[in-house]
Each structure stands twice: as structure tokens, then as C-alpha cells.
Amino acid sequence: MQLNGSNKLKIYNSLSGTKELFKPVSNNNFVGMYVCGPTVYSNVHLGNLRTFTSFDVIFRYLMHLGYKVRYVRNITDVGHLENDDDNGEDRISKKARSENLEPMEIVQKYTVDFHTVLRNFNILPPSIEPTATGHIMEQIGLIELIVEKGMAYEVNGSVYFDVIKYNKSNNYGILSNRNIEDLAHNSRELDGQSDKKNPQDFALWKKAEPKHIMKWSSPWSKGFPGWHIECTAMSNKYLGDLFDIHGGGIDLKFPHHECEIAQANVCFGTNAANFWVHANMLTLNGSKMSKSSGNNILPDEIFYSGSPLLSKTFSEPAVKFFILQAHYRSVLDISNEALLASEKGFSKIIDAINILEAFEKFNDQTDFNIENWREKCYQAMNDDFNTPILIANLFDAVKFINQLNNGKAKISKSDCNNLLQILNSFVFEILGLEKITKSKKVNDKTNDILEILIKLRDEARLNKNYELSDKIRDMLNNKGIVINDSDTNSSFSIN
Ligand code: AMP
Ligand code: ZN
């Protein structure tokens, strides 16, 4: 199969620190991509959305190029402890205890929130969305293998990965470039509280304290798996011993991804993935947005209810456009001014597309080199998914379309169709922007239905069919929709 411009795609690989030509492991058009998903113990914030948007664009672009992508993004519903530490409390258990709920109620609530927010943000669902708790057996299997290979040891029912031993024949630090001695000094576990042989070692299995709610039987104890082993188990199960792309936010590079690489080397003799890709952080007032620190803006605030930090609400596509105006590897700071500017910029692009769709004054010639411009758009995306450069190119087309609109430039009918088709594919298919959001569409349709109902009721009133008109009024009233009657027609208000 001839893939559209795919042989020129370069991706920055965190493992080598350079941009490398992308070539799938399978040597054909199949691509396997794994992205670390959310820990579902609270609502997703805009920082999480930025990371999932970055990988959504990568997923969309790979498919646009003609690859058949199996995209696996997990749900972390056990094992991610506080402070990314081996001795903190499980984030989900802690929330469950504090709210007096079952851990699975917490998981369900925030998984639903995650899916709703991502759907409204027009982020495509992955091909497989496995949960950590659904793959306990696979995790135990890998831990047994690591013990068997002599790279893990058991103490008091917990199992730890032996980083010092591993580092004798492998490179622990291959991804994060951290030095193993420095890690010992920086460790929080110098107080000797831990069962570990060395402070650098990390937990593969933890024996549960009596108060711990989430626990499973294992050869070592009733307990729960470490955070890092879940991603190794799930990525390996669905994508094999070596797959193409492993992604996540840059804050996961160490320790999470470094540990995943160590585990994969012991179990499969690979670094798990050829390309390790990291999306940079969204910051607020210069500091990382995060769930645990409270320094964050929630999607609901920015899209619907408003935030004290913002002068107004913004639509989902305008916020997505703001995110895509920065390269995924750069830090991006959110501010009211930047959002206002992005909203303006995004509407210029949509206005231009609308102008082109309605355009009728065709000419024999075209004053815009579409082929050249299209090539520049692909070059931007092939250069490590450079969406800000792509967007700058889109504005070149916008400028030309505005000249067309003012009668200052010419275009032929076939070029007009061609330009529109290319714009549509970059703006909507690849960047995943939308002219109008789904939530707005639903609201508009609900409004339409209500207006139809009220017209039908007005007709019933006119025909003196008061039984029916009162019934409609009362039924709507029960749902909080109040009808305000006048002599000729009616309106409604919502309580
Ligand atoms: P978590 O639910 O905290 O495990 O995070 C889910 C994903 O969001 C991970 O890939 C994180 O790296 C990413 N993430 C967390 N905070 C931010 C942020 N402020 N900006 C961008 N990505 C983030
Ligand atoms: Zn992970």
C-alpha cells in the first residue's frame, strides 16, 4: 500500500533525544501505540486534556497517512500511589475512604467524566481501553517472570525490582538520563522505613495493610500491583514485545517510563517501544496544572460555568485551537489573553472555510499555488507533528480566501473544491477541530424540539382542545419547562 507522504514522517524520540524517521516495527502499514491513561480518582483537568489532545492528533495523523493504528490507552484504577511513591496511599482507595464509597464507585464516576469530557472535546476513543484491575493476572505473570530471571526479590510479601542488579548489565536511566547514585541521594526513602534493599528499587507487588480496601491474592501476599507493571502488562498483551510508539506526559518519563523500560528489558529483551514520545505540560500561572495541588482549571469551568481566572467561557474548539497553536513538546501557559487571541484566530479559519463553501465567482485561473501550500502543510506535520507551523500555513490560505472574498484574487472551480477539501482534512480530520461542538448541537436540537412542541400546543389551544394543551403544559412543567402563554402564541422558560 502506498502511504500518503508517510515515508517522510519524523518523530522526536525521547530515547535518543533526536527526531528519527518513522518506520513501523511490522514493516507494513500496521502501527501499535500505547498511551498512559488517567488515574481515575478525580475530574480530568485541562492539563490532562492537553496531553490526550496531543496523542489524538498523532493518532489522527497516522491514520490519515494510511496506517492501520491499534491505539491502546489504559485506565489506571489501582496501584498509582500518592506522590508517585511506593509507600503512599493508593489515590483511589484514599478517595473511596474519604467519601465513604466503594473504590469501584470512584473509578466509575471519574471514568464516565473522562469519557464525557474527551467526547465533547472531539478526541477519538482508543482502539482498546484496558483497566489495570482487569489485568491483575497478567501483571502477576510478569512479576513471576522478573523474579525467575533474578531481577526482583520478595520481602515480607512485597516484591521489588532490583534496580542496582539490573543496572550492572543494563542501563537504568536510558530514558531519563538519571544517574543511579544521584537517585539514591534524592530518594525519599532514606529513613529506613522501607523493606527495599536499595532506595532506587521500585515495587512490583505490595502486600496490603489491613485497612487497604483493594487487594488480590498472589503467590507473595494478598496485595496489589505496583503502578509501573500495569502498563508493561497491558501494552505487551495488546501490542506485543516491541511496538511502535509509547506516549504520555513528560512528568511520566521518570520514574514511570524508566521503570517500564527496565521491566520490558527483563521480560522481553526490548525497550517495549521504538519511539518514546512525551507531551509537555500545560501550566497555570507558570506552575504545572495538577489534580493533587489544586492548581488547575476544569473543563466544566472553561466551557460552561466560568472560572474566576477567565473573563468568559470558551468553546471546546477554541480551547483545542489554543492547545494546538503550541508544539506538543513545548510548555504552554494558559491565560485569558491567550485564549481570547486563539478564539479570534480560530473563527478566522472557520469564516474562511464558510466563505469558500459558498463561493461562486469562479475564474479560469487561480492566484494561489495550492500544491506548494499543501506540501508545506504536510512538511509541518511530518516534522514531529508541528501543529503551530501547520496553523501558520492554514492562515496563508485564510489570507488568500479573504482576498477572493474582496474580489482581489481569482480561483477556478476545481481549485476551489481542491482547496476546500485540503482545508477540511487538516482542520477537521487531522486537528480534530469542529465548526460547532456536539454539546451545542444537542442544545440547539433540544430547543428546536421544544419549539415544535409549543407550536403543536398553540394549535391545540386554537382548536379549543384544552385537554391536550393543558396536558402538554403540565407534562413540560413537571420537567421544569414553564410555558408562558399570550393571546396569540406562547414561549417557554427553563427552571
Ligand atoms: P494522571 O491522571 O495524573 O495520571 O495524568 C494523566 C495524563 O495527563 C498523563 O499522561 C500526565 O502526564 C498528563 N498530565 C498531567 N498533568 C498535566 C499537565 N499539567 N499538562 C499536560 N499533561 C498533564
Ligand atoms: Zn503508564
Side-chain angles (χ1 to χ4, degrees), residues 14 33-56 58 72-84 88 90-92 95 106-107 110-111 113-115 117-118 121 123 126 129-132 135 139 142 175 202 225-239 243 245-264 272-273 276-299 319 322-324 326-334:
S14 298
M33 174 161 92
Y34 184 92
V35 172
C36 295
T39 307
V40 280
Y41 71 102
S42 67
N43 299 96
V44 280
H45 57 69
L46 275 177
N48 305 128
L49 260 191
R50 181 187 184 200
T51 287
F52 297 121
T53 300
S54 301
F55 288 100
D56 183 56
I58 292 176
V72 182
R73 190 186 63 211
N74 72 298
I75 297 279
T76 296
D77 53 358
V78 70
H80 193 174
L81 308 187
E82 284 186 298
N83 308 319
D84 293 354
D90 183 294
R91 293 171 194 231
I92 289 161
K95 185 90 171 187
I106 298 293
V107 165
Y110 294 111
T111 304
D113 169 73
F114 175 67
H115 287 155
V117 170
L118 263 63
F121 215 55
I123 288 178
E129 195 172 49
T131 60
H135 294 76
Q139 296 177 71
L142 289 188
L175 182 69
F202 58 88
W227 173 35
H228 315 306
I229 198 72
E230 67 167 87
C231 287
T232 302
M234 291 185 275
S235 60
N236 183 260
K237 173 159 181 168
Y238 299 109
L239 299 172
F243 53 93
I245 298 173
H246 191 309
I250 202 156
D251 56 337
L252 300 187
K253 202 172 181 183
F254 187 88
H256 188 50
H257 291 165
E258 192 71 64
C259 297
E260 274 191 57
I261 289 179
Q263 292 166 162
W276 283 79
V277 177
H278 292 102
N280 217 324
M281 295 292 106
L282 183 68
T283 57
L284 175 63
N285 297 320
S287 317
K288 180 190 163 192
M289 249 195 213
S290 87
K291 294 180 202 179
S292 42
S293 71
N295 183 43
N296 62 48
I297 300 183
L298 296 180
V319 175
F322 159 74
I323 289 174
L324 296 174
H327 188 256
Y328 76 90
R329 282 192 293 116
S330 314
V331 173
L332 174 63
D333 195 56
I334 194 165

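Values below: every heavy atom of this structure, side chains too, minus hydrogens, waters and symmetry copies. Atoms within a ligand are numbered from 1 in the order they appear, just like the ligands themselves.
Atom 19 (N) of ligand 1 has as its closest protein heavy atom M289 O, 2.8 Å. Ranking the protein heavy atoms by distance from atom 10 (O) of ligand 1 puts G249 N, 3.0 Å first. The nearest heavy-atom contact from the protein to atom 20 (N) of ligand 1 is L282 N, 2.8 Å. With respect to atom 4 (O) of ligand 1, the closest heavy atom belonging to the protein is T39 OG1, 3.3 Å. Closest to atom 17 (C) of ligand 1 among all protein heavy atoms lies M281 SD, 3.5 Å.
Close N/O approach between G47 and ligand 1 is found [any backbone or side-chain N/O within under 3.5 Å]. In terms of polar-atom proximity, defined here as any N/O pair under 3.5 Å, P38 makes no such contact with ligand 1. By the 3.5 Å distance cut-off applied to N or O atoms, G248 is not counted among the residues near ligand 1.
The aromatic rings of H135 and Y238 sit perpendicular to each other, their planes meeting at more than 60°, with 30° as the lower class boundary.
Using a 4.0 Å cut-off to heavy atoms of K288, the atoms of ligand 1 that qualify are 16 (N), 19 (N). Annotation for ligand 1: atoms under 4.0 Å from non-hydrogen atoms of F52 are 6 (C), 7 (C).
Contact between I323 and L332 at its shortest, heavy atoms only, is CA-CD2, 3.8 Å. Taking each heavy atom of G226 and Q139 in turn, the nearest pair found is O-OE1, 4.1 Å. When all heavy atoms of V78 and I92 are compared, the closest pair comes out as N-CD1, 4.0 Å. Minimum interatomic distance between M289 and N296 (heavy atoms only, all atoms of both residues): CG-CA, 3.7 Å. A pairwise comparison of heavy atoms in I75 and E230 identifies O-OE2, 4.3 Å as the closest pair. Of all non-hydrogen atoms in H228 and H256, the two that sit nearest each other are ND1-ND1, 2.9 Å.
S287 and N285 are not linked by any side-chain donor-acceptor pair at a separation below 3.5 angstrom, with hydrogens and angles left out of the test.
Between F52 and F121, the gap from one ring centroid to the other reaches at least 6.0 Å.
The angle that C231 SG and C36 SG make at the Zn ion (ligand 2), rounded to 10°, works out to 130°.
Under the 6.0 Å distance and 45° angle rule, R73 does not count as a cation-pi partner of F55.
With a 4.0 Å cut-off on non-hydrogen atoms, N48 touches ligand 1 through its backbone as well as its side chain. Only the side chain of D251 comes within 4.0 Å of ligand 1, counting heavy atoms alone; its backbone N, CA, C and O stay farther away.
Closest to atom 13 (C) of ligand 1 by heavy atom, among T51, L284, I323, L252, is T51.
Residue contacts with ligand 1 include N280, since one or more of its heavy atoms lies under 4.0 Å from the ligand.
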